[in-house]
Amino acid sequence: MGIESYVVVHNIAKRHNVGTLARSATAFGVSELIIVGRRDFNAFGSHGSTSHLAFRHFHSLLEARSFLKEKDCDICGVEITDDAVAVNQHPFKRSTAFLVGNEGTGLSAKECEICDFFVYIPQYGCGTASLNVTVAASIVLHHFGVWAGFSERIRDGNKFVVAEKLAKQVKRNFCAETVDAIIEERKSRKQNASEFFDGDGNAQSSSNLLEGLFSDDQ
């Protein structure tokens with residue numbers, strides 16, 4: 001199997017950025033855009049690219065990590081950390097999933113925990129502390145494509161040739177579930193519902209209820 005790239009979206013504050021991310025993902029050969037947590041997003045800025053990109057949804061970061069590890073895929077955090085490597089040094093070894101951070105706070109501690117390594121984008125001007133999340137993702141994905149040796153798309157005049165649309169996977173800016181994912185979600189809901197009652201059929205306290213709804217790995 002050849003080298004592949006993925007983009008993981010978890011804690012993007014501005015949901016319309018997902019549409020622009022999808023556009024960059026299709027331009028730079030991303031295999032799938034993985035959405036963690038909420039399934040809804042704003043496709044503004046995608047310019048129809050969501051019809052050319054595979055989407056996958058997971059309820060937690062740990063579920064996404066397990067899927068990517070089954071693919072023998074590294075997880076790269078796009079963040080300025082102490083051990084981050086400049087992306088132009090191309091510190092890649094295999095298929096890689098890129099986890100981009102929140103526009104304001106960057107990657108959270110839980111997001112950093114699932115990453116195998118980090119890259120940052122060197123800046124040469126003094127006017128901004130960081131880049132827009134979609135701009136940063138575009139730069140990183142381009143560098144990965146260069147390293148991986150992805151084939152350049154055919155051009156027609158001053159535009160690139162657009163491929164046929166994939167089977168529709170998103171409807172009204174909503175990441176569709178696979179059959180297996182739906183089954184797992186229903187099992188999880190039943191399990192959570194059963195845990196709200198003790199052995200005598202009495203409802204648990206509100207604190208236990210909230211703890212069940214908001215687990216640490218979300």
Side-chain angles (χ1 to χ4, degrees), residues 5-22 24-25 28 30-45 53 55-71 73-87 91-123 128-141 143-144 173-175 177 181 184-185 188 192 207-218:
S5 62
Y6 301 80
V7 172
V8 181
V9 175
H10 174 237
N11 193 26
I12 300 298
K14 300 175 181 178
R15 304 299 288 179
H16 65 265
N17 277 337
V18 177
T20 311
L21 275 172
S24 294
F28 299 123
V30 169
S31 296
E32 290 186 346
L33 196 152
I34 296 172
I35 296 180
V36 181
R38 288 173 52 184
R39 290 196 290 271
D40 63 302
F41 63 90
N42 190 332
F44 177 82
L53 182 64
F55 284 76
R56 189 178 296 269
H57 173 265
F58 293 100
H59 295 285
S60 71
L61 287 168
L62 293 181
E63 289 176 344
R65 183 183 186 278
S66 295
F67 166 79
L68 292 167
K69 289 306 173 182
E70 289 177 358
K71 295 279 189 180
C73 186
D74 285 336
I75 302 175
C76 174
V78 181
E79 185 63 279
I80 303 174
T81 62
D82 292 339
D83 57 349
V85 180
V87 69
F92 312 115
K93 298 178 180 179
R94 56 180 65 85
S95 294
T96 303
F98 294 95
L99 179 57
V100 292
N102 179 278
E103 296 88 341
T105 59
L107 294 178
S108 67
K110 290 180 181 179
E111 289 169 332
C112 288
E113 286 176 2
I114 73 166
C115 295
D116 298 300
F117 67 102
F118 299 88
V119 295
Y120 75 96
I121 301 166
Q123 292 185 187
T128 183
S130 62
L131 294 171
N132 173 274
V133 63
T134 59
V135 173
S138 297
I139 294 172
V140 170
L141 291 172
H143 273 286
F144 183 82
N173 308 335
F174 191 85
C175 185
E177 293 278 28
E184 289 301 317
E185 181 176 10
S188 178
N192 288 337
S207 61
N208 289 338
L209 177 64
L210 291 173
E211 184 177 351
L213 286 173
F214 302 101
S215 59
D216 289 338
D217 65 345
Q218 296 293 325

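- Between Ser108 and Glu111 the shortest heavy-atom distance is N-OE1, 2.7 Å.
- Shown here is Asp83, whose CG atom has more than 12 heavy atoms of other residues, nucleotides or ligands within 6.0 Å.
- Of the listed residues (Leu33, Ile35, Leu68), just one forms a side-chain contact (heavy atoms from CB on, under 4.5 Å) with Val8, and that residue is Leu68.
- Distance CG/Asn132 to OG1/Thr20: 7.5 Å, rounded to 0.5 Å.
- His57 places a side-chain N or O within donor-acceptor distance of the main-chain N or O of Gly37, the cut-off being under 3.5 Å.
- Taking Gln123 as the reference, Thr128, Leu131 meet the side-chain contact (heavy atoms from CB on, under 4.5 Å) condition, with sequence neighbours excluded.
- Note that CG of Leu61 and CG of Leu99 are 7.0 Å apart. Values are rounded to the nearest 0.5 Å.
- By the neighbour-count criterion of 12 heavy atoms within 6.0 Å, atom NZ of Lys69 is densely surrounded, having more than that number from other residues, nucleotides or ligands.
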Check the pair Ser5 / Thr96 against side chain to side chain contact (heavy atoms under 4.5 Å, CB included), numbers first and verdict last.
CA-CA 5 Å; Ser5 62; Thr96 303; 5.8 Å; no

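- With contacts defined as side-chain heavy-atom distances shorter than 4.5 Å, the pair Ile121/Val140 qualifies.
- Residues passing the ring-ring contact (aromatic ring centres under 6.0 Å, His included) test with Phe117: none are found, sequence neighbours excluded.
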Run the side chain to side chain contact (heavy atoms under 4.5 Å, CB included) check on Lys71 and Tyr6 step by step: do they pass?
CA-CA 11 Å; Lys71 295 279 189 180; Tyr6 301 80; 3.8 Å; yes

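- Residue Ala25 comes nearest to Leu141 through the heavy atom pair CA-CD1, 4.2 Å, listed as atom of the first residue, atom of the second, then distance.
- Here Arg65 contributes atom CZ and Ile114 contributes atom CD1; the two are 7.5 Å apart, rounded to the nearest 0.5 Å.
- Remark: the Ser24 side chain and the Ser138 side chain contain an N/O donor-acceptor pair separated by less than 3.5 Å.
- Ala86 approaches Pro91 most closely through the heavy-atom pair O-CD, 4.1 Å.
- Taking every heavy atom of both residues into account, Thr105 and Glu79 meet most closely at O-OE2, 4.5 Å.
- Salt bridge status for Asp116 with Arg94: absent, with no side-chain N to carboxylate O gap under 4.0 Å.
- By the 4.5 Å heavy-atom criterion applied to side chains, Ile34 and Phe55 are not counted as neighbours.
- Summarising the geometry, atom CG belonging to Asp74 is positioned 8.5 Å from atom OG belonging to Ser95; distances are rounded to the nearest 0.5 Å.
- Between atom CG of residue Leu107 and atom SG of residue Cys112 there is a gap of 4.5 Å, rounded to the nearest 0.5 Å.
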Mind running side chain to side chain contact (heavy atoms under 4.5 Å, CB included) on Phe144 and Phe92 for me, showing each step along the way?
CA-CA 8 Å; Phe144 183 82; Phe92 312 115; 3.7 Å; yes

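- At distances below 3.5 Å, not a single donor-acceptor pair connects side-chain atoms of Glu63 with backbone N or O atoms of Phe58.
- Remark: Phe28 engages His142 in a ring-ring contact (aromatic ring centres under 6.0 Å, His included) (not counting sequence neighbours).
- Between atom CZ of residue Phe118 and atom CG of residue Asp82 there is a gap of 10.5 Å, rounded to the nearest 0.5 Å.
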